[in-house]
Amino acid sequence: MVKPRHIFPLLRYAGSALLTALMLVGVPATACAGISLSFGIDDIAGADWNAHGMVMDVTSASSDNIALTLHVASLQLPGSTGTVTDLQLSCAAAVHDDAGWHCRDGQVNAAATPWQPQASTWRGDWLHDGSLHVAIAGLTVAAGTLAVELDAQGPDWRAAVSVNRLSVKRLGQFDAALRMPHGWSGDGRVSGRVEMRVRETEVQQARVDAVVDRLTYASADGSQAGEGIVVKLDGTARRRGGTWVVDSHVRWPQGEVYSEPLHVDAAHSALNIDAGGTFDAARGRFVFDSWSIVLDKTLQLTGTGILDTAHWTFADLTVAVHSDDAQRVYEVLAQPYLLGTAADDMQVSGRVGFVLHYDADGVEQAGLELTDLALRDNRRRFALRRTAGHVAWTRDEPAPVSRLKTEGFDVYRIGSDAFDVEIRAKGDRVDLVEPIVIPVLGGSLALNAFAMQNALATDTGPRWTASAAVRDVSLDQLTHALDWPPFAGSLSGELRDMRYVDRVFSIGGGLEVAAFDGRIVVDGLTIADPLGRLPALEANATLRGLSLAAVTSTFAFGRIEGRLDADLQDLRLLAWQPEQFDLHLYTPADDDSRHRISQRAVQNLTELGSGVPAGLSSTFLGLFEEFNYKAIDLRILLRGNVAELDGLARDEGGYYLVRGSGLPRIDVIGRNRSVAWKDLVERLRQIRVEGVTIQ
Amino acid sequence: MRRLLAYPLLALVLGACVTINIYFPAAAAEEAARTIVRDVLKGEGDGEKGPPAGQPQSSVQPESGVSQWLLVGLGRTLELLVAPAQAGQADININTAGIGAIRASMQQRQSSLAPFYRSGAIGFDANGSVAVRDLAAVALGDRNKLKKLVADENADRADLYREIARANGHPEWEGDVRSTFAKVWVQEALSGYWYQQGGTWKQR
């Protein structure tokens, strides 16, 4: 590999050799003009280079003007760089004055080099004070040009290499370290200057100022790519004792980069990196006194750290992140990692801050500061309204208390009002500090306990348990939110054993709700992937002793009096649409309450069972507002898109939906046993009572 | 002779253990898959009609110690009785709310996926999913958009295969449904679309 520490001594040697020869030959020439000398050296070898077949020709035209030529048959460059053949350095007129010797129009030619044949110029000065200056310009390398300057005085010397538009691709041909990984393609141009100051053989200071432009690259699988990139970098390194003080800056004003899954376009977010620190080569440590990364219009990172250069891992790192545009942070840095999850399509607003401390054992503590952060799922499944506060996390005890204040959240169409929450986050656990009351749908959800585990697991996802109580939730608001027919009353119940494990939400122990003067018990409620693409709800329910008067007064179905039991088995909603259930609505055998059914309710039940209006008003029965009934019985068995209907057995065929009693007696008899579910739903939607259409 | 046969036959009927294997209704599944695939691809495909199923819908395996001819005869009789009943079950139900929702989602996404299918950036893999074939063919700024489309499409497809199996009362058929769809996606692939076969990509 070619390194400056190889090249510069070589150049220095070559320049010195040429000008030393000039001195050796030229000084006697002051006394003897018109002399010609020629001498040769077969081989000269350095630590990792050698030259063969060196011949020096010197012709003295006058005492102050000589011509000289150094020819090297072959020069093996350091490392595996290659060989230069027929190298010729010449100076047609080396001039001597009071200061020393000067060559202004030197020529450098080489028939073959690892790059290409060379034909360029050089100039040099060898002064009486012992200082040496050599400059070679116009070398053609890697489709660009290269110039070298060398200044030496005593033990101190300075070397500089300037390059202009070197091809990145061709540079890779010279050295494996500059080569793109196998299968990658791309190119770009490098321009800039590298300068070093050396004492004896020790570099004291180095400075780099470079621009890479038109940089384009792509890996074979497309996971890494860049286009139209311009990167400017400058840096200095100064030796101080046994360490190096380093100061570096990187500017990325143009181009775009895709590094799976991140995509950053500098046109939208230019990147600036500044870093300063101390490098201790003996200890293999780079101590960053400060560093900052600014992704324009997105976020700013600052911090300090200690890099273990032996293993290229951070022994210690402190990071502080701030962003005034949470949406931009989400789009650029979060969303790409969330693709395929429920959080991959959100609108985010507000400001966020983040601090993190990393030590040899990993992340030790972290904190998140939220200012008016709000997020909303574009599929309208969930939302978090403006939220402020901080979340602190530690790896070890004690876990600090985090406090958040939110204006509320939405899960599908069910929203909460504002509430505060305090949590403790440690390791992979999040626990509620104290019970909280979340105002929801006119009532409240009292969250008594909440504990989350695997909060950081990306493969299985988090799992949590909770217990809560529902108090006085408005059925009117709930049914409105769910787009169901409006119910009156309120809902209360205990949610004792809520769990979310392997993306399945479940309520153990049943959910018992008092409603319509009766009791509703929901068992085996599970919701798989509740915020996913295809949530699947499964449950069973029993309804006991519901007052039909209370139900029908809100259900706008037509008035019915009496009690109602119901069994709902094998309910399965897929994407919140009924996929299957077995529902049996019936009058309890021991119900001794008054059984009355209005003409409108009879008409609606008849229409529900047959699909055609009963037309009671056109008969003498239209004279009666209400009828007595003995029993109501309706069974709906839904499988896929077909609902099987049934009721009380009837010997004459069909089935009773309503078995009448007394006079005038009216029976509602169902004839259709199979109906398309969408038709049944349509019939429910079309039920009209007193000018009201059930939506 | 009749009496001679009567006792063993009676013993067989009373004691025989009859195992009825219900095979995956490949032909019906393929027809259903073709309906859905054409629907998603906007019916522009010119795929072949589904070939008939290669496997019988049922088999009968009586287990008894009676003579071979009696076993064979009774077995064939039972097979005759059982086969019509199972032929009636061979329809694949794809008309459920869940499957409908998935189909609608896939149909809606197809217009966004189509340019990437045509450019060769993505194609149908051998597993009934969509795979990224050539990410380099996609502009840098569109790569994550494509990855999201593919992730969503594959999630829908996984849901679709699972729901079809479940809606037909056989969750264990999910793998068969997926295999059937994998074949049909390739058969129905539109001109210019890429698909994986034998580990290599081919273009229709």
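Since the model is a prediction, treat every value here as computed from it, not as a measurement. So that the names make sense, note that chain A is the first sequence line, chain B the second, and so on, each numbered from 1.
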Would you indicate whether B:E172, at its atom CD, is surrounded by more than 12 heavy atoms from other residues, nucleotides or ligands within a distance under 6.0 Å?
yes
Using the six-membered ring wherever Trp is involved, compare the ring planes of A:H263 and A:Y258 and label them parallel, tilted or perpendicular (cut-offs 30° and 60°).
tilted
First locate atom CG of B:D134, then atom CH2 of B:W201, and finally report the distance between them rounded to the nearest 0.5 Å.
10.0 Å
Would B:F181 and B:Y161 satisfy ring pair (Phe, Tyr, Trp, His ring centres under 6.0 Å), going step by step from the backbone distance to the final call?
CA-CA 8 Å; B:F181 267 85; B:Y161 305 149; 4.9 Å; yes
So which residue, B:L135, B:V150, B:N144, B:L140, ends up with the most heavy-atom pairs under 4.5 Å with chain A?
B:L140
Residue selection (most heavy-atom pairs with chain A, distance under 4.5 Å) from B:D159, B:D152, B:N154
B:D152
Once the angle between the rings of B:H170 and B:W173 is folded into 0 to 90°, is it parallel (under 30°), tilted (30 to 60°) or perpendicular (over 60°)?
parallel
Which bit of A:Q580 is near chain B, if near means a heavy-atom gap under 4.5 Å: side chain, backbone, both or neither?
side chain
Do A:R572 and B:E163 meet the salt-bridge criterion of a basic N to acidic O distance under 4.0 Å?
yes
Applying a strict 4.5 Å limit to non-hydrogen atoms, the region of A:R639 in contact with chain B is neither
Examine whether an atom of B:R166 lies under 4.5 Å from a heavy atom of chain A, and if so say whether it belongs to the side chain, the backbone or both; otherwise answer neither.
side chain
Please classify the contact of A:E256 with chain B as side chain, backbone, both or neither, using a heavy-atom distance under 4.5 Å.
both
Kindly check if the number of other-residue, nucleotide or ligand heavy atoms within 6.0 Å of NZ (A:K169) is above 12?
no
Look only at the side chain of B:T96 and the backbone of B:N93, and say whether a donor-acceptor pair between them is shorter than 3.5 Å.
no
Residues from residues 215-226 of chain A approaching chain B under 4.5 Å (heavy atoms):
A:D221, A:G222, A:S223, A:A225, A:G226
In terms of heavy-atom contacts, does CZ of A:R214 have more than 12 from other residues, nucleotides or ligands at under 6.0 Å?
no
Residue part contacting chain A, namely of B:A97, when any heavy atom lies under 4.5 Å
both
